[in-house]
Amino acid sequence: MTWMATHRSDESLRCVYCTHEGPFPHFGTFAFYTKEYSLYRCPECGSLIYHPSFTPKIQNTDSEPESVTGFAFGTRYHLEIGYSVDHIVWCAMVALAGLPEAERERHLFVDIGAGVGLSSAFVRQHTGMETLTVEPSPSGKVGAELFDLPVHRAMIEDLPPEVLAELRRRPTLLHLNSVVEHIAHPATALRAIMALTDVSAIGIVVPDGGAISHDAPFLQQLPLLAPGDHMHLPTEEGVRRLFQRLGLPAVQSQAGSGLIVATAARQPFALPSREQTDAARDTFLEWLSHNPDRRVSEGALVRMLPYAVLRPDSEAVAAIRARIGDRFVPEPLMRHLAEDPNWDNIPIYAGIGAFWMATDAFRIGHLREGERWLNLLEVFAQRMARDYQPYAATTLYFRTEGRLTRAQAMMDQRRWDEARSCLETVLDSASDHQLGATAPQLERARGLRSQLPILTEPPTLREALRLWARGRFSR
C-alpha cells in the first residue's frame, strides 16, 4: 500500500465535474493489496479521476455484508472514532444555511447515502425538521436501530410510491455526505433526483483531490483515496463547476482536513458562524452521550475530550473520563492488547482517548499519569497497525503526536536523553511512507531537537551510526 515510482502517458478523459475533455496528465499510481490504481489530473479544474474506471460494489438491501466480522469492526470504528462530529455538524448546518430559517418547516431534509444516519439524527435534534433518510446498505439498518430513524433501505429511484409522492409534494433540502465521489456521473444522478423533487439547496461533503500528496504518509490519505470505492476526487473548483451545471448559482465551500464541504442554493446565503456550529456540536455530542448503545455514547464522550483539553478544563476532562467508566484504564487495556486475540474488550477509541488524557496530564504537571496514557497509546497503535492496518492511520498520527508531546515534557524536566530518544524515534520513521510521521511532524521534531543541549559524552555505537547516517554529530 504505497505510491509506485512509475510514470504513465497522458490519457484522453472527460472530467465529470467541469466536463473538460482531452489529455489528462498522470498524477500517480499506487498499489493497494493485489491491485494497482492510477489517478489522472483534470487540467481545467484540477480534479483527480481514476482510470481505468470501475464500478463500486453496492451492498443491496436484502443481503448481509460479505464479512460480518469486518462489517461489525468497521461499524464500531466509525461510531467510536471514525466520523468527525465537526464535519457532520458543519456539513448539515452549511446545507441548512441554503434555506431561510422561516422556510425550514415546509421543507423535507433528504439525506442520500446517509450511512448510519448521523446527519439526519443531528438535523432532527437541532431543528426539528422532518427527515427522509435513504441508505440501501446494511449501515441503514444500523442507523434505524441506533437513532430510531425511518431509514429507507433502497436506491432513491426505488423508493416506495408514497415516499416518492411526498418528495413531489414538498420542497426539499438535499444532503449528500460522502456520496458524490461514489457516483460515475454526478451531474446526471443529481439531475435525476432534482426531477423527482423541488430541490431548494444541495449540501455535499467530498474528498479533496487538491489535498492528495505524494509527500504525505500513504495510510493517512487512504480514506480519501478509497481505491475501488471512490471513482474521482474533486477540487473546490470542480465542485463549483458541478453546481453551476445544475443551475444553482449561489455556491459556498470550504476545504480542510482533506475534505470539501459545499452548499449550492438558488439564492445567496451566509454560512453559519463558528460559534453557532460549536454550540450545535456540543449539544449534539451531549445528546449522543446518552444513547443506550455504548459504541455511540462512549464515542461521543471521547469526542468531547479534545475540546475540554484545549479550552483548557481539567475538571471537565476528569468528568468525561469518569462517565466513560472502567473500560478506559491504561494498565488493564494494555494487558488486553497484549493477551486478548480479539477486540471485544478493547475500545477502539482507546488510542486517541489516551493521547488527550496524556496531553491534559502533562499540562497540569502530572508526568507519571501522562506517561501511563502514552504507553497505552504506543501499545494500542502497534496492535491496530498489525490487525487492522487500513484503519490505523488516525491512531498512528496520534502516536507520533504523543511522542512529540512526551519529548516536550521530558525537555521541560531537563531529561535530555529521554527527549532525544523520543525525537529520534519520530525522525527515524521518515523512511516509512505508510506508517511514519507526516512532514509537519518531522519538522516539529527537528525544531525540538535543535533546542537540545550539545552532546558532551561520546555517543554509543548505535547513536553514532544513526547520526552518521544523517550526516551530523553536533546534536
Side-chain angles (χ1 to χ4, degrees), residues 81 278 282 285-286 289 298-338 346-347 349-382 394-429 437-438 440-457 475:
I81 66 167
D278 286 353
D282 293 344
L285 282 176
E286 184 60 34
S289 74
E298 292 181 9
L301 288 166
V302 168
R303 286 174 174 86
M304 293 179 185
L305 277 176
Y307 307 116
V309 171
L310 296 173
R311 276 198 295 269
D313 187 345
S314 292
E315 288 186 6
V317 171
I320 292 166
R321 162 68 186 81
R323 289 179 65 188
I324 295 173
D326 294 338
R327 289 210 316 149
F328 189 39
V329 179
E331 288 73 23
L333 274 174
M334 284 191 282
R335 285 195 295 273
H336 283 303
L337 287 162
I346 303 170
Y349 58 74
I352 291 175
F355 170 80
W356 291 110
M357 293 299 299
T359 300
D360 189 66
F362 284 132
R363 185 186 64 79
I364 60 178
H366 294 175
L367 301 183
R368 186 166 295 182
E369 181 75 2
E371 291 191 72
R372 287 176 63 221
W373 288 109
L374 289 186
N375 291 341
L376 169 60
L377 173 54
E378 289 281 347
V379 175
F380 182 90
Q382 184 176 14
T394 301
T395 300
L396 293 169
Y397 174 85
F398 277 98
R399 179 180 68 177
T400 300
E401 288 295 307
R403 289 169 174 173
L404 292 170
T405 300
R406 193 195 296 260
Q408 183 64 69
M410 297 303 101
M411 290 170 67
D412 292 343
Q413 294 295 307
R414 304 179 68 82
R415 291 158 62 176
W416 309 120
D417 290 343
E418 292 167 87
R420 195 184 311 277
S421 177
C422 289
L423 296 173
E424 294 296 343
T425 300
V426 172
L427 293 168
D428 285 345
S429 75
T438 65
Q441 288 174 328
L442 292 169
E443 186 63 29
R444 284 165 54 204
R446 295 185 190 100
L448 288 172
R449 187 188 61 196
S450 71
Q451 300 172 33
L452 293 172
I454 303 297
L455 285 173
T456 55
E457 297 294 325
R475 296 194 182 278

request  = Apply the test side-chain contact (heavy atoms from CB on, under 4.5 Å) to residues Phe328 and Met357: give CA-CA distance (whole Å), side-chain angles for both, the deciding distance (0.1 Å), then the verdict.
outcome  = CA-CA 10 Å; Phe328 189 39; Met357 293 299 299; 3.8 Å; yes

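- Here the side chains of Val329 and Arg372 are in contact, with some heavy-atom distance below 4.5 Å.
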inquiry  = Working note: Phe362 + Asp412, criterion side-chain contact (heavy atoms from CB on, under 4.5 Å); need CA distance, chi angles, decisive distance, verdict.
reply    = CA-CA 10 Å; Phe362 284 132; Asp412 292 343; over 6 Å; no

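- The two residues Ser314 and Asp360 make their nearest non-hydrogen contact at OG-OD1, 3.0 Å.
- Heavy-atom minimum distance, Ile320 versus Ala308: CD1-CB, 4.1 Å.
- For Glu331, the CD atom is densely surrounded, since the number of other residues' heavy atoms within 6.0 Å is greater than 12.
- Under the 4.5 Å side-chain criterion, counting only non-hydrogen atoms from C-beta, Arg399 is not in contact with Phe355.
- Summarising the local packing, CD of Glu418 is surrounded by more than 12 heavy atoms from other residues, nucleotides or ligands at distances under 6.0 Å.
- Inter-residue side-chain proximity for Leu285 and Tyr307 is flagged as met; some heavy-atom pair is nearer than 4.5 Å.
- A distance of 11.0 Å separates CD1 of Ile352 from OH of Tyr397, quoted to the nearest 0.5 Å.
- Considering only heavy atoms from C-beta on, Trp373 stays 4.5 Å or farther from His366 through its side chain.
- Between Arg415 and Glu371 there is a salt bridge, since a side-chain N of the basic residue sits under 4.0 Å from a carboxylate O of the acidic one.
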inquiry  = Trp356 vs Val302, test: side-chain contact (heavy atoms from CB on, under 4.5 Å). Steps then yes/no.
reply    = CA-CA 9 Å; Trp356 291 110; Val302 168; over 6 Å; no

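- The shortest heavy-atom contact between Arg303 and Pro306 is O-CD, 3.4 Å.
- Side-chain atoms of Glu401 and Arg444, non-hydrogen and from C-beta on, do get closer than 4.5 Å to each other.
- When every heavy atom of Ser429 is checked against every heavy atom of Ala437, the shortest pair comes out as OG-N, 3.1 Å.
- To the nearest 0.5 Å, the span separating CG on Leu396 from OG1 on Thr438 amounts to 11.5 Å.
- Remark: Thr395 OG1 to Gln382 CD distance equals 13.0 Å, nearest 0.5 Å.
- Counting all heavy atoms, side chain and backbone alike, Pro330 lies closest to Leu376 at CA-CD2, 4.0 Å.
- Checking Arg321, Arg327, Arg323 one by one against Glu298, the salt bridge (Lys or Arg N to Asp or Glu O under 4.0 Å) holds for a single residue, Arg327.
- Residues Phe398 and Leu377 come closest through the heavy atom pair O-CD2, 3.3 Å.
- Here the CG-CG distance, from Leu442 to Leu427, works out to 6.0 Å after rounding to the nearest 0.5 Å.
- Side-chain contact between Arg449 and Glu424 is present, with heavy atoms from C-beta onward closer than 4.5 Å.
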message = Working note: Arg406 + Asn375, criterion side-chain contact (heavy atoms from CB on, under 4.5 Å); need CA distance, chi angles, decisive distance, verdict.
response = CA-CA 10 Å; Arg406 193 195 296 260; Asn375 291 341; 3.2 Å; yes

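- Taken from CD in Gln408 to OG1 in Thr359, the straight-line distance is 12.0 Å, to the nearest 0.5 Å.
- Atom-to-atom distance recorded for Leu423:CG and Leu448:CG is 5.5 Å, nearest 0.5 angstrom.
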